[in-house]
Amino acid sequence: MERGLENLRDEVFRRNPGESEFHQAVTEVFEALGPVVSRHPEYADAGILRRMCEPERQIIFRIPWVDDAGTVQINRGFRVEFNSALGPYKGGLRFHPSVYLGIIKFLGFEQIFKNALTGMPIGGGKGGSDFDPAGRSDAEVMRFCQSFMTELYRHIGEHTDVPAGDIGVGAREIGYLFGQYKRITNRFESGVLTGKGITWGGSLVRPEATGYGAVMFADRMLRTHGRSMEGQRVLVSGSGNVALNAIAKAEQLGAVAVTASDSSGYVVDEAGIDLELLREIKEARRGRISEYAEQRGGTARFVAGASVWDVPGTVAIPSATQNELDENAAQTLVKNGLIAVAEGANMPSTQKATELFLQAGVLFGPGKAANAGGVATSALEMQQNASRDTWSFENTHDRLETIMTGVHDRCLETADQYGAPGNYVVGANIAGFIKVADAMLAQGVV
Ligand code: GLU
């Protein structure tokens, strides 16, 4: 890493102690930026990178609510409004027991560059809570969401900050959050949240967009080498919204997706995942992944407590969570003949795993490029809300495809320009950074 960047990185670590995921996200960006800072001294003169690492605003609040047994529960809520140079803060909400400020800051920081890469007018932010929706009744989730929004509402708005979903926040949660926002503000302000239900301001393709986009990105990468998704044996981790839709798109493009996982283990199905069955178990019933193997029989088996990355495959779409794919897993995957990775989750590969993939010549699409389809389609939802219009599935899907092609090409061209041909990590970080840096430069020291 370049000397000035190293000093700045150390300063960021000191100012944000104990936030290891945030440190990791910052390190990844800094490692790519060496050639940019030497070509553009004006960025350092204006303190661009130092400002970028300090969120514009960080909100932390108490979320009191009463569970079904009548017990008072307290959770902690976060919204980190990281950067508004390109548009209103935009990024999801994560409800998961692991959530603390360091996780929200890593996600918010990534979101700045990801959103810039989409070419849409959106800034970067992220929020969430350490609330665990697992095992909670609908009524409990509703009361929690209402309490969360009772504080959050004063910080958001269609021109200010536009949250959406992430892990633990899907259509149900967005519904309860929107209802409470509408009640408090007495406004049907559809552009304040994205991921809404289709009859009340949501966009077609938004539910599918992250998973679809990641597989489209993998397909684009493969095509630069005269291949495609067709005939690939695809390994997907996770079994949430991103994973399910990655499996769907892989199948549409003629690949065979053979795995899915959750925190209890993974399933491998040699005949290809039966998506209808998996959706019924995970989406309709919120059940465990082992039930898939029990009900599918013959071709499928469940492996408890092991890594899905032990399964041989040619394309990996990690779609579970951060740091789910480490150096050992990367080694196994490379040994087993992997040719491409497109990250459906945010930062699922550890830094060492990423390095290993790059050294081995695996086509590697980092999350801030490969999973940008979700937030890009959120921006399309905002456009529809602003014009009080609804677009067809085909039109929205075409727009998503064009956006993903654009993200892919921008990464590749930028990597070329900065002396790292074929390196999507360098390309994504530099292209995202320059777009935001130029806007910040133009807008002065704010
Ligand atoms: N949580 C998603 C992401 O990581 C989507 C955010 C959004 O749609 O605003 O990009």
Side-chain angles (χ1 to χ4, degrees), residues 21 25 78-84 86-96 99 103-129 152 156-158 160-171 173-174 177-178 190-196 201-214 217 238 240-243 245-246 317-322 324 342-348 365-385 396 399-400 403-404 407 428 432:
E21 298 83 1
F78 303 89
R79 187 71 184 166
V80 173
E81 298 179 334
F82 229 116
N83 193 297
S84 60
L86 299 180
Y89 309 107
K90 182 81 197 88
L93 299 170
R94 177 176 291 192
F95 292 169
H96 191 269
V99 164
I103 293 265
I104 301 299
K105 275 161 74 176
F106 121 63
L107 291 165
F109 190 69
E110 291 260 308
Q111 202 83 44
I112 303 170
F113 307 100
K114 181 196 311 193
N115 295 3
L117 270 177
T118 65
M120 314 296 284
I122 42 179
K126 204 85 184 191
S129 172
L152 187 70
I156 62 176
E158 65 173 317
T160 313
D161 183 356
V162 183
D166 194 85
I167 293 173
V169 178
E173 290 74 19
I174 293 293
L177 291 165
F178 185 74
S190 43
V192 70
L193 289 171
T194 60
K196 299 180 293 298
S203 172
L204 288 168
V205 192
R206 178 63 192 89
E208 294 86 356
T210 312
Y212 274 26
F217 195 92
N241 170 271
V242 181
N245 288 294
I317 316 283
S319 307
T321 194
Q322 67 274 356
E324 55 160 307
E343 293 188 325
N346 289 311
M347 211 168 72
K368 58 171 75 75
N371 75 36
V375 74
T377 309
S378 277
L380 300 179
E381 183 171 330
M382 290 163 73
Q383 285 187 16
Q384 291 169 76
N385 295 152
T396 318
R399 298 278 298 258
L400 170 63
I403 291 168
M404 291 314 294
V407 171

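Just the heavy atoms: all of them, side chains too, but no hydrogens, waters or symmetry mates, feed the values below. Remember, it's a predicted structure, so these values are computed and weren't measured experimentally. One is the number of the first residue; the rest follow in order along the sequence. Order of listing sets the numbers, starting from 1, for every ligand and every atom in it.
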message: Rounded to the nearest 0.5 Å, what separates atom CD in Glu110 from atom CZ in Phe82?
response: 10.5 Å
N/O to N/O under 3.5 Å, ligand 1 against protein:
unit_1, atom_1, unit_2, atom_2, d
ligand 1, 1 (N), Lys126, NZ, 3.2
ligand 1, 1 (N), Gly165, O, 2.9
ligand 1, 1 (N), Asp166, OD1, 2.9
ligand 1, 4 (O), Lys114, NZ, 3.0
ligand 1, 4 (O), Lys126, NZ, 3.0
ligand 1, 4 (O), Asn346, ND2, 3.1
ligand 1, 8 (O), Arg206, NH2, 2.9
ligand 1, 8 (O), Ser378, OG, 2.6
ligand 1, 9 (O), Lys90, NZ, 2.7
ligand 1, 10 (O), Gln111, NE2, 3.1
ligand 1, 10 (O), Lys114, NZ, 2.8

field: Closest non-hydrogen atom pair, Gly128 against Val99
entry: C-CG1, 4.4 Å
field: Nearest atoms (heavy-atom pairs only) where Asn241 meets Pro207
entry: ND2-O, 2.9 Å
query: How far apart are the closest heavy atoms of Arg206 and Gly195, and which atoms are they?
result: CG-CA, 4.1 Å
- request: Could you walk me through whether Met120 and Ile403 pass the side-chain contact (heavy atoms from CB on, under 4.5 Å) test, one step at a time?
  value: CA-CA 9 Å; Met120 314 296 284; Ile403 291 168; 4.0 Å; yes
field: Asn346 vs Lys126, side-chain contact (heavy atoms from CB on, under 4.5 Å): CA-CA, chis, key distance, verdict
entry: CA-CA 12 Å; Asn346 289 311; Lys126 204 85 184 191; 4.0 Å; yes
